[in-house]
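Counting begins at 1 with the first residue of the sequence.
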Amino acid sequence: MSISVHSKPGPFSPMKAALWALPASAAETSPRPAQDQLNISQEGRQAQPEEALSELEHVLLNTSQEDLMDQVQNWRDQHPLEVNWNATVDPDGGIYAKAYLDSLVSQYDGTRRAVEAYYAPGHQENLGFANPYNHLVEKYRYSGSPYFRGDMDAAQRAMAFEQERALLWGGRVKLNDPWALAASGGVLSGEEVEAAARQAAQEKLNALIAAHKQRLGLEE
């Protein structure tokens with residue numbers, strides 16, 4: 001077997017091209033390839049220097065599946081997803097809504113009881129007369145009566161008349177009574193009532209969340 005070396009380099013490669021000269025019999029029976037071919041064996045691929053690999057290829061080449069899964073788990077541990085715990089314990093919002101409404105009702109009842117308690121003595125006084133309503137009028141509307149409440153201003157007398165009349169006739173007392181609610185912090189605004197209801201509802205969910213985390217072993 002002989003080798004013919006073409007010393008002139010090709011236009012795209014700095015390496016000198018070399019062609020194996022086939023035996024005459026082989027040359028006659030085997031067609032020449034249309035172009036040069038280069039086949040690298042598995043051993044040849046493994047023998048290539050790692051410097052020729054990209055950074056990604058180098059990482060993949062030297063990382064096992066177990067190592068990769070460990071890296072993924074470590075990343076998850078360092079970057080936990082934020083969990084919507086409210087939705088976890090209350091998917092349809094029904095618990096929150098009920099707690100919110102329960103708080104509104106509770107605030108309403110508390111205010112109503114405070115107002116009724118404030119006017120209870122005056123109501124009992126009215127019931128002690130043969131005509132309770134006439135006595136109520138004398139107290140708050142007839143200045144010539146010995147029972148007239150001159151110690152109150154006109155606005156307070158008007159409110160007291162309406163509140164005691166509601167108790168006498170079985171009506172609803174007014175909840176925006178600053179005199180009756182002065183001892184308990186005054187009349188709450190709508191924003192304060194709603195804020196208290198939202199807080200009560202969230203506290204309900206917080207209790208459920210704490211219990212759920214405890215079951216999962218996620219106590220903080």
ask   = Between Y119 and D177, do the side chains contain an N or O donor and an N or O acceptor separated by less than 3.5 Å?
value = yes
With a 3.5 Å distance limit and no angle check, can you tell me whether S184 reaches the backbone of L181 through a side-chain donor-acceptor pair? yes
Verify whether one side chain among Q107 and T111 offers a donor that lies under 3.5 Å from an acceptor in the other.
-> no
The reported gap from CG in L168 to CG in L127 (rounded to nearest 0.5 angstrom) is 6.5 Å
The single option from K139, R157, R141 that satisfies salt bridge (charged side-chain N to carboxylate O under 4.0 Å, His left out) with E164 is K139
Exercise for review: Answer whether the closest heavy-atom distance between the side chains of D102 and V105 falls below 4.5 Å.
Suggested key: no
Query raised in the report: Is the closest side-chain heavy-atom distance between K174 and V115 below 4.5 Å?
Result: no
Requested in this report: Side-chain contact test, heavy atoms from C-beta onward, threshold under 4.5 Å: evaluate it for N134 versus F129 and give yes or no.
Outcome: no
message: Counting C-beta onward and ignoring hydrogens, is there a side-chain heavy-atom pair between D90 and L208 closer than 4.5 Å?
response: no
Could you go step by step and tell me if N206 and Q202 meet the side chain to side chain donor-acceptor pair (under 3.5 Å) rule?
CA-CA 6 Å; N206 289 344; Q202 188 58 53; 2.9 Å; yes
> Any side-chain heavy atom of E125 sitting closer than 4.5 Å to one from P121?
Replying inline: no
In the structure I gave you, are the side-chain heavy atoms of W85 and K213 within less than 4.5 Å of one another anywhere? yes
query = Centres of the Y140 and Y147 rings: under 6.0 Å?
reply = no
